[in-house]
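All remarks here apply to the structure that follows.
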Amino acid sequence: MAATLSRAVDVHCTLQPTSDSNRPFFLTSPLLRLPYRRRFFTTSCSSSSSSSSSRSPPKPPPDYEDIHPRNPSLSDQLKSLSTTLLNQTPQQAQLLTKPKSTWVNPTRPKPSVLNLQRQKKSQQHLYNPQVRDLKHFARKLDECENSEAAFMAAIEEMPHLPSRENSLLVLNSLRQWQKTLLFFNWIKTQKLFPMETIFYNVAMKSLRFGRQFQLTEDLAYDMIDNGIELDNITYSTIITCAKRCNLFDKAVEWFERMYKTGLMPDEVTYSGVIDVYAQLGKVEEVMSLYERGRASGWAPDHIAIAVLGKMFGEAGDYDGIRYVLDEMKSLGMQPNLVVYNTLLEALGKAGKPGLARSLFLEMIELGVTPNEKTLTALVKIYGKARWGRDALDLWERMRSNGWKMDCILCNTLLSMCADLGLEEDAERLFDDMKGSMTFKPNSWSYTAMLNTYGSLGNVDKAMKLFDEMSETGVEVNVMAVTCLIQCLGRAKRIDDLVRVFKFAMERGVQPDDRMCGSLMSIISYFEDGKDVNKVLALLQHANPELVSFIKLLEEEKTSFETIKEEFRGIMRATEVDARRPFCNCLIDVCRDRNLHERAHELLYMGTVYGLYPGLHSKTPDEWRLNVRSLSVGAANTAFEEWMGTVTKVIEQKEELPKLFTASTGAGTHKLAQGLAGAFESQVKKLAAPFRQSEEKAGVFLATREDIVAWAQSKAPSLAITS
DNA sequence: TTAGGGTTAG
């Protein structure tokens with residue numbers, strides 16, 4: 001079986017990044033030979049543990065796409081743009097065909113992908129003495145019944161003539177998109193003046209607020225049909241409307257259309273589109289657009305910078321965040337509150353609590369007052385990092401400075417209490433919230449409290465709180481139930497667990513993958529017996545396929561081919577975030593039942609499907625095994641597999657590094673709690689020569705010499721042949 | 001503040 005894992009590792013490390021031929025025009029253009037791209041996108045696949053390795057995905061198996069559905073490729077999306085559309089404007093066509101000359105010959109214009117001059121809004125807001133009457137009228141229209149008849153009756157009472165200015169004022173004052181549309185159509189039929197772009201733009205803004213993309217697009221087609229000019233405001237409104245409706249392909253489509261008509265985006269439209277790609281996680285495309293804009297002389301503003309920062313945060317990409325900070329420095333830009341908030345959040349997601357703390361201190365020093373979002377980000381970071389002292393210092397600072405709190409911040413503080421096991425602080429805040437007029441505890445607050453009690457094993461308090469939640473009319477949701485189930489499972493109170501589960505089902509709670517994961521982990525606490533069957537019955541209700549799969553794993557005659565096929569089906573049907581926990585639990589279940597071979601097969605499958613990125617990494621001097629995201633059973637399986645591979649390497653007399661390292665983590669993360677201890681006993685069981693590092697907790701080390709001696713002691717034939 | 005873009009919760 002050792003060979004299976006080394007096969008999987010090979011799959012990870014032999015693939016080169018995708019070639020330029022598949023990239024859209026702005027990536028393949030020779031215009032783009034810029035530092036960022038060199039640094040980030042030509043990194044060849046390496047097995048080192050540097051952050052670049054996360055950008056070198058393993059070669060997926062043939063059915064990978066089924067399990068990880070992707071958005072349509074950008075090159076497909078932008079094919080028309082690259083091959084035809086841009087060529088339609090002579091200047092741009094020249095840029096694409098003769099790019100070099102634009103750089104070497106300063107007399108030629110600089111390549112441009114955006115208009116540096118932002119579109120001006122019209123300055124026609126003259127003093128209108130009828131403003132009050134018209135706004136009052138708009139309010140009445142908003143309040144009238146949502147039917148055409150009621151609207152037509154109400155419109156009779158328009159206090160002044162529906163002149164261009166008066167109509168525009170009313171249109172702009174309406175809040176409900178239905179009314180905006182009715183009023184828009186009405187003024188159109190009145191034909192008192194020609195409909196200009198601004199009327200469409202105002203109407204679209206209202207439709208965007210109501211997330212009505214189809215109607216927005218209909219208006220745009222109406223403009224095209226009637227020969228009314230679409231300007232940058234129109235396009236950016238359409239694009240952001242599509243974005244808000246999660247119709248990213250539509251956003252790209254309208255951006256393409258804009259170039260097609262020869263209109264150049266200004267910085268607002270441009271950063272809007274960059275955000276579209278950022279939200280799709282298309283980092284390369286974003287950076288290409290960004291760098292091309294920069295090459296055109298664009299000085300990005302706070303909004304564009306925040307878009308980049310958020311994108312790198314979502315990707316957990318610290319190098320990217322550094323790039324954003326460097327960009328700001330070179331632009332001479334001082335971050336504003338939103339940029340600080342975005343970067344704090346990003347640093348949290350990239351796992352850099354210390355840098356987040358420094359950035360927060362810098363922001364305070366510069367006199368920027370944090371808001372609820374700033375504090376929420378920081379509280380979350382300190383909680384997840386288990387930085388108790390920093391968390392409590394910050395909380396104290398919040399109190400003494402009288403910084404404003406909102407419901408999300410309070411709930412984040414409660415979650416932090418759960419992370420840090422601060423029962424009394426949580427109870428105090430929870431009681432304050434109950435007494436507050438502004439925000440009462442909601443299902444998030446109850447869930448955080450259940451988590452606090454759960455993490456401390458305070459089962460009775462958790463049960464009592466759950467009763468209170470059910471009685472006070474707070475929505476009993478799947479997350480709260482899952483927290484309580486975890487707590488009851490750990491306490492092995494299975495009958496209570498069954499009761500809670502049934503109650504939740506009666507209340508209409510829909511089990512999700514996270515809940516199934518919890519049930520499965522509880523199954524792995526027990527080797528067999530009545531309790532397991534009780535939990536299996538619940539899992540059967542929540543996810544029958546999973547129970548069938550567990551039974552299949554337990555049957556000796558099941559072939560590896562069947563396991564592979566069924567595993568694929570299970571993972572395909574599972575939410576991305578729950579796939580690794582599922583695989584971990586399944587491995588644990590197998591090991592508890594002494595099905596070690598099965599456990600290895602599952603680990604192999606999990607590795608092939610990319611559930612354990614960074615499990616193995618190699619440099620010439622050091623081979624590492626990182627089991628921090630694995631359960632105890634999965635970590636033990638991975639360790640056995642690793643040692644098997646190493647033995648094989650010794651057998652084949654291939655080169656070995658000086659040092660072998662296994663990281664379990666030191667127990668700051670919930671999953672890692674106990675992992676180091678469990679790992680140590682596994683090492684002892686195998687008599688493997690790993691010792692805990694004295695400098696770094698949760699790291700185990702072994703030298704080449706020790707490993708070779710150990711392997712030879714286990715298989716004397718190795719010693720004879722060497 | 002009155003036609004367009006960015007930031008908070010399992």
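Numbered from 1 within each chain, the chains take letters A, B, ... in sequence-line order.
Contact annotation for R208(A): backbone-only contact, meaning every heavy-atom pair under 4.0 Å involves sugar-phosphate atoms and none involves a base. Among the atoms of the strands shown, base atoms are found under 4.0 Å from some heavy atom of N232(A). As judged by a 4.0 angstrom heavy-atom cut-off over every strand, T240(A) is placed among residues touching the sugar-phosphate backbone only. Residue contacts shown for N336(A) include a base, since a base heavy atom lies under 4.0 Å away. Among the protein residues, V273(A) comes within range of no part of the nucleic acid, since none of its heavy atoms lies under 4.0 Å from any strand. Across all strands shown, V202(A) has heavy atoms under 4.0 Å from sugar-phosphate atoms exclusively, and none from any base. If you check every strand for non-hydrogen atoms under 4.0 Å, T237(A) touches sugar and phosphate atoms only. Using a 4.0 Å heavy-atom cutoff across all strands shown, T269(A) reaches at least one base atom of the nucleic acid.
Regarding contacts with the backbone of dT2(B), every side-chain N or O of K205(A) stays at 4.0 angstrom or more from both OP1 and OP2. Residue K384(A) places none of its side-chain N or O atoms closer than 4.0 Å to OP1 or OP2 of dA9(B). Phosphate proximity of dT7(B) to K310(A): present, with a side-chain N or O under 4.0 Å from OP1 or OP2. Using a 4.0 Å cut-off, no side-chain N or O of K243(A) falls inside it from OP1 or OP2 of dG5(B). Applying the 4.0 Å criterion to OP1 and OP2 of dA3(B), one finds that N172(A) has a side-chain N or O inside that range. Remark: R118(A) is not in phosphate contact with dG5(B), judged by side-chain N or O atoms under 4.0 Å from OP1 or OP2.
For dT8(B), the base has a donor-acceptor partner in the side chain of D406(A) [N/O atoms by modelled type, under 3.5 angstrom]. One donor-acceptor pair, N or O on each side, does fall under 3.5 Å between the base of dT8(B) and the side chain of T376(A). Within 3.5 Å, no donor on the side chain of N411(A) pairs with an acceptor on the base of dG10(B), nor the reverse.
Stacking annotation: Y235(A) is not stacked on the base of dG4(B) (requires ring centroids less than 5.5 angstrom apart and an interplanar angle below 30 degrees).
Of the candidates dA3(B), dG5(B), dA9(B), dG5(B) carries the atom nearest the D301(A) side chain, counting heavy atoms from C-beta on. Closest contact between the side chain of D231(A) and the listed nucleotides dG10(B), dA9(B), dA3(B) involves dA3(B). Here the nucleotide nearest the side chain of M479(A), chosen from dG6(B), dG10(B), dG5(B), is dG10(B). Nearest to the side-chain atoms of K135(A) among the listed nucleotides dA9(B), dT2(B), dA3(B) stands dT2(B). Residue T447(A) places its side chain closer to dG10(B) than to any other of dG6(B), dG10(B), dG5(B). Which of dA9(B), dG6(B), dA3(B) sits closest to the side chain of V307(A) comes down to dG6(B). Here dA3(B) is the nucleotide among dA3(B), dG6(B), dT8(B) with the atom lying nearest to any side-chain atom of I198(A).
Electrostatic pairing of R294(A) and E327(A) counts as a salt bridge here, judged by a charged N lying under 4.0 Å from a carboxylate O. Salt-bridge formation is detected for the pair E427(A)/K461(A): a Lys NZ or Arg NE/NH1/NH2 atom is positioned less than 4.0 Å from an Asp or Glu carboxylate oxygen. Taking a cutoff of 4.0 Å between a charged side-chain nitrogen and a carboxylate oxygen, E423(A) and R428(A) do not qualify as a salt bridge. The residues R514(A) and E575(A) are annotated as not salt-bridged, no charged nitrogen and carboxylate oxygen being separated by less than 4.0 angstrom.
The closest side-chain donor-acceptor pair between S518(A) and Q486(A) falls under 3.5 angstrom.
Rounded to whole angstrom, the span from the CZ atom of R175(A) across to the P atom of dT2(B) amounts to 11 Å. Remark: P of dT8(B) and NZ of K404(A) are 17 Å apart, rounded to the nearest angstrom. Atom-to-atom, CG of L219(A) to C1' of dA3(B) comes out at 13 Å; the value is rounded to the nearest Å. In this structure, I321(A) atom CD1 and dG6(B) atom P are separated by 20 Å, rounded to whole Å. The CZ atom of F312(A) sits 17 Å away from the C1' atom of dT7(B) (whole-angstrom rounding). Atom P of nucleotide dT7(B) and atom CD1 of I381(A) are separated by 17 Å, given to the nearest angstrom. The nearest whole Å value for the distance from the CD atom in E372(A) to the C1' atom in dT7(B) is 12 Å.
A distance of about 16 Å separates the P atoms of dG6(B) and dT2(B), rounded to the whole Å. Rounded to a whole angstrom, the distance from the P atom of dT1(B) to that of dG5(B) is 16 Å.
Among residue pairs with one or both ends in residues 220-245 of chain A, those qualifying as ring pair (Phe, Tyr, Trp, His ring centres under 6.0 Å) are Y221(A)-W254(A); sequence neighbours excluded.
A distance of 10.5 Å separates NZ in K434(A) from OG in S445(A), rounded to the nearest 0.5 Å.
Ring centers of F184(A) and Y200(A): under 6.0 Å apart, within the cut-off.
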